[in-house]
*Asks:* 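Below: one structure in structure tokens.
What you see below is based on every heavy atom in this structure, not just the backbone, and it leaves out hydrogens, waters and symmetry mates.
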Amino acid sequence: MNRPGYVTLPILTVLFAIGYVYYTTVFVVIESWFGLSTAAGLANAVAFTVVAVVCVVTYGMAVLKDPGRVPVSFAPDVEDQENAVHEIKRKGGNLRYCQKCSHYKPPRAHHCRVCKRCVLRMDHHCVWINNCVGHENYKVFLVFLLYAVIACIHAMVLFMGSAAENALKDQQPSGDSSRTSVIICGVLLFPLMLALIILLGWHIYLIFQNKTTIEYHEGVRAMWLAEKEGSIYRHPYDLGVYENLVSVLGPNILCWICPMQKDIGSGLRFRTSYDIPLSTQP
């Protein structure tokens, strides 16, 4: 079993894909269309390079950053009047306790069978980073997706523009190897861009509701049970769109697209829609 943070084949595949798309975009497409010595070519190359570097850096942070460990000393305080929500087991109604880790689970924490430990505000285990996506690295994972989508769209626009230019001039990219590289990169780029856009859209949807992927699937079951009993289910951590964004991305709007994160809490306790004062509820 691969340990989180270790370099694996999927990680090498991602790094190779980034490098291949970067090389083909800058040194084949931009060079053949504009020329790297021109203002347009240099501007596109610099812009694409900056976004590619941010992608690599944020990807590395998502791989290496611990998603959030449960402190050994953690114990839920059932007498805490300010904490209106104590998550319990589906069966038995007892406080959530991890038998494998031998400690109580904080709200929104789950045990990962791959990482073999509990993760704070666990979203999912991602094979492409060989790590869990949790409280401590969720934002950097999201920022990586954002810049990866921007890079893919930029590259696709350049590919399509170059192809249209060559078609108008009834020309082909110079050299068989260059043409083959462009075709292979284009075939790789389109499904990659589509998958990343869908994944980014999915996580934006989750953030708007302050849900994790696990909580979304649990919520589907909870809604079904609530409808069966004639009641209405509401996700307890949904504070309204703006507060939901702040709880994940931080209070400083200018830093929302930066990988740095501050003031997002310890991951042991989260505000809920039941918290007081009532004026803060959506």
Side-chain angles (χ1 to χ4, degrees), residues 4 8-22 24-25 29 47-48 50-63 65 67 108 110 112 114 119 121-161 163 182-221 223 235 237-238 241-242 244-245 247-249 256-259 261:
T8 59
L9 181 60
I11 291 177
L12 293 176
T13 301
V14 171
L15 294 175
F16 174 80
I18 293 174
Y20 186 72
V21 171
Y22 174 79
T24 306
T25 302
V29 176
F48 190 75
V50 170
V51 177
V53 169
V54 175
C55 283
V56 173
V57 171
T58 52
Y59 178 72
M61 292 173 66
V63 171
K65 192 173 180 61
R108 315 182 80 178
H110 294 274
C112 176
V114 180
V119 175
R121 195 186 179 274
M122 179 178 173
D123 186 89
H124 69 288
H125 183 89
C126 180
V127 66
W128 296 106
I129 64 173
N130 190 35
N131 198 4
C132 275
V133 177
H135 179 70
E136 295 293 336
N137 67 346
Y138 184 82
K139 181 182 177 181
V140 72
F141 175 79
L142 188 73
V143 171
F144 162 69
L145 290 180
L146 173 63
Y147 284 102
V149 167
I150 293 173
C152 286
I153 293 175
H154 188 184
M156 183 58 69
V157 170
L158 291 172
F159 272 65
M160 294 177 66
V182 170
I183 293 175
I184 294 175
C185 192
V187 171
L188 169 68
L189 187 60
F190 180 76
L192 179 63
M193 179 183 68
L194 186 61
L196 288 172
I197 289 175
I198 293 173
L199 186 58
L200 177 63
W202 166 249
H203 281 284
I204 291 174
Y205 166 78
L206 290 178
I207 291 176
F208 281 171
Q209 302 187 54
N210 204 352
K211 291 181 180 180
T212 64
T213 300
I214 294 175
E215 289 169 349
Y216 170 82
H217 292 292
E218 290 180 342
V220 171
R221 173 180 170 81
M223 289 177 60
H235 184 57
Y237 302 105
D238 186 358
V241 173
Y242 176 74
N244 292 342
L245 288 167
S247 68
V248 175
L249 304 178
W256 280 3
I257 60 173
C258 300
Q261 57 184 27

*Asks:* Give me the ring orientation class for H203 and F141: parallel if the planes are under 30° apart, tilted from 30 to 60°, perpendicular past 60°.
*Replies:*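 Ring orientation of H203 relative to F141: perpendicular.
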*Asks:* Quick one: sort the Y216 and Y205 rings into parallel, tilted or perpendicular, breaks at 30° and 60°.
*Replies:*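 Rings of Y216 and Y205: perpendicular, as their planes differ by over 60°.
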*Asks:* Is the backbone of N244 close enough, under 3.5 Å, to the side chain of Y237 for a donor and an acceptor to pair up by distance?
*Replies:*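 Judged by distance alone, no pair lies under 3.5 Å.
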*Asks:* Is there a side chain to side chain contact (heavy atoms under 4.5 Å, CB included) between W128 and I11 once you walk through the steps?
*Replies:* CA-CA 6 Å; W128 296 106; I11 291 177; over 6 Å; no
*Asks:* For T24 and V21, indicate whether the former's side chain and the latter's backbone hold a donor-acceptor pair under 3.5 Å.
*Replies:*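 No.
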*Asks:* Between E218 and E215 (side chain of the first, backbone of the second, donor and acceptor by atom type, cut-off under 3.5 Å), is there such a pair?
*Replies:*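 Pair absent, no side-chain N/O of E218 close to backbone of E215.
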*Asks:* Are the side chains of R108 and M122 in contact, using a 4.5 Å heavy-atom criterion?
*Replies:*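 A side-chain contact under 4.5 Å is absent here.
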*Asks:* Main chain of V63, side chain of N130: is a donor-acceptor contact present, judged purely on distance under 3.5 Å?
*Replies:*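 Such a contact is absent between N130 side chain and V63 backbone.
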*Asks:* Measure the spacing between CZ of F48 and CD1 of I150 and express it to the nearest 0.5 Å.
*Replies:*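 So the gap between those two atoms works out to 11.5 Å.
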*Asks:* Indicate the atoms forming the closest heavy-atom contact of A62 with N137, along with that distance.
*Replies:*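 Between these two residues, the closest heavy atoms are O-ND2, 3.5 Å.
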*Asks:* Are the side chain of N210 and the backbone of I207 linked by a donor-acceptor contact shorter than 3.5 Å?
*Replies:*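 Looks like no, no N/O pair under 3.5 Å.
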*Asks:* Rounded to the nearest 0.5 Å, what separates atom CE in M156 from atom CG in L192?
*Replies:*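 If we round to the nearest 0.5 Å, M156:CE and L192:CG are 9.0 Å apart.
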*Asks:* Would you say N131's side chain and H125's backbone share a donor-acceptor pair under 3.5 angstrom?
*Replies:*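 Not a single qualifying donor-acceptor pair exists.
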*Asks:* When you measure from the side chain of T25 to the backbone N and O of Y22, does any donor-acceptor pair fall under 3.5 Å?
*Replies:*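 Answer holds: no.
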*Asks:* With rounding to the nearest 0.5 Å, note down the distance linking NZ in K139 to CE in M61.
*Replies:*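 Separation between the atoms: 9.5 Å.
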*Asks:* In Å, rounded to the nearest 0.5 Å, how long is the span from OG1 of T13 to OH of Y20?
*Replies:*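 Here the interatomic distance stands at 14.5 Å.
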*Asks:* Has D123 got a side-chain atom pairing as donor or acceptor with V133's backbone, closer than 3.5 angstrom?
*Replies:*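 Judged by distance alone, no pair lies under 3.5 Å.
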*Asks:* Kindly determine whether L196 and C152 satisfy side chain to side chain contact (heavy atoms under 4.5 Å, CB included), including the steps that lead there.
*Replies:* CA-CA 9 Å; L196 288 172; C152 286; 3.8 Å; yes
*Asks:* Is any side-chain heavy atom of L146 closer than 4.5 Å to a side-chain heavy atom of L142?
*Replies:*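 No, side chains not in contact.
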*Asks:* Which is it for Y59 and L15 under the side chain to side chain contact (heavy atoms under 4.5 Å, CB included) test, yes or no, and what are the steps along the way?
*Replies:* CA-CA 9 Å; Y59 178 72; L15 294 175; 4.0 Å; yes
*Asks:* Using the rule given for side chain to side chain contact (heavy atoms under 4.5 Å, CB included), can you reason through M193 versus I153, listing the C-alpha separation, both sets of side-chain angles and the distance that settles it, and then say yes or no?
*Replies:* CA-CA 7 Å; M193 179 183 68; I153 293 175; 4.0 Å; yes
*Asks:* Tell me the closest heavy-atom pair linking F144 and C55, and the distance in Å.
*Replies:*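 Minimum heavy-atom separation between F144 and C55: CD1-O, 3.4 Å.
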*Asks:* Does the side chain of H235 come within less than 4.5 Å of Q209's, by heavy atoms?
*Replies:*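 No, too far: nothing below the 4.5 Å cut-off.
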*Asks:* Mind checking the OG1-CD1 spacing from T58 to I257? Nearest 0.5 Å is all I need.
*Replies:*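 Answer for the OG1-CD1 pair, T58 versus I257, is 12.0 Å.
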*Asks:* Which heavy-atom pair separates W256 from V143 by the least distance, and what is that distance?
*Replies:*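 Of all heavy-atom pairs spanning W256 and V143, the closest is O-CG2, 4.1 Å.
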*Asks:* Quick check for you: to the nearest 0.5 Å, what is the distance between H124 atom NE2 and I214 atom CD1?
*Replies:*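 Those atoms lie 9.5 Å apart.
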*Asks:* Y138 versus T212: any side-chain heavy-atom pair under 4.5 Å?
*Replies:*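 No, side chains not in contact.
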*Asks:* Below 4.5 Å, heavy atoms only, C-beta onward: do W202 and L206 meet side chain to side chain?
*Replies:*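 Answer yes - side chains close enough.
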*Asks:* So, for V51 and Y147, which heavy atoms are closest and what is the spacing to 0.1 Å?
*Replies:*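 So the two residues come closest at CG1-O, 3.3 Å.
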